[in-house]
Amino acid sequence: MEKGKIALAVSTPEARFSAVVYREPFASSFAKVSALGLGGIEVHLRDPNLVRAEELIHLAREHELTICALGTGQAYGTDGLSFTDPDSSVRRAAVERIKSHIILAAELRCCVILGLIRGRLGSEAPAWAREWMMNGFRACLEEAERHGVDLAIEPLNRYETDLINTVEEALLVLEELGSARAGLLLDTFHMNIEEPSLPAAIRRAGKRIKHVHVADSNRWAPGFGHLDFGEVYRELMAVGYGGFLSAAVLPYPDPDAAGQMVVRTLTFVITQEKEHINSR
């Protein structure tokens, strides 16, 4: 992995989701990510049907960026869609929304993130919620397999959901799903809350890792908190991860400063590790 494998998460101006560096028109955010010297961009969309794949492909080529993932959380946060809603029509709409992400991802050749779209156990029908979640995953997997798209299930911290908080819980879900198209998205911010040991969790996830989010302990850019990203990077390399380190972080103290800190910290980490390997 090298500097070209660092990415930033972006979204559109109306996005409510806060853990993205730039919330601007795509032409602007793609240009800014490229100007930072990075190789990847992660795009968070509320509704893929409102986006033209050709526009994103053109911008990616123009700015020499790889679109590494599509974020889906706004379908839950803005539109209230989830796989575990007591209303079956809402559950169906959630699945259809993710299917539209999958169709777009097939054109962009990237993975689709499954985070908050799974919903919560809730109080109205907790006995059924996990089954509904699994049904949603299975329906989306059928579409993903048809289109050759990977799905990255993200363990989230307990304050955001009570379904799938740890790597171990996510691995149980993957075992039930039984598809190579389903894997894990590891997010260092959530892991810092839920995992006793980040290195151990990375080793446990191993080859099932499809994508990685890097954010510091306070969800600011790496370097603004107390996490040891050198340790995280070494463990990812040890398990053979070759994908992007994608910064899904709060845009503080401002978006440009956040982007610059991502570059500074992760470039330093990668350079130090390469020097360590070469000195052996």
In one Ile/Leu/Val/Met/Phe/Trp/Tyr side-chain cluster, 4.5 Å: F229, I209: yes

Cluster overlap L266 with V239, hydrophobic side-chain contacts below 4.5 Å: yes

Is it the case that over 12 heavy atoms from other parts of the model lie below 6.0 angstrom from the [atom1] atom of [X]?
X	atom1	value
E231	CD	yes
R203	CZ	yes
E14	CD	yes

Test item: [X] and [Y] side chains (from C-beta on) under 4.5 Å apart, heavy atoms:
X	Y	value
Y252	N218	no
R219	H190	yes
R118	L156	yes
L45	H101	yes
R23	S29	no

Are the charged groups of [X] and [Y] less than 4.0 angstrom apart, N to O?
X	Y	answer
E96	K99	yes
R204	E195	no
E24	K32	yes

Contacts of N49 meeting side chain to side chain donor-acceptor pair (under 3.5 Å) (sequence neighbours excluded), chain-then-number -> D47

What residues, two or more places apart in sequence or in another chain, satisfy ring pair (Phe, Tyr, Trp, His ring centres under 6.0 Å) together with Y76? none

For the residue pair H147 and E143, confirm or rule out a side-chain donor-acceptor distance under 3.5 Å. yes

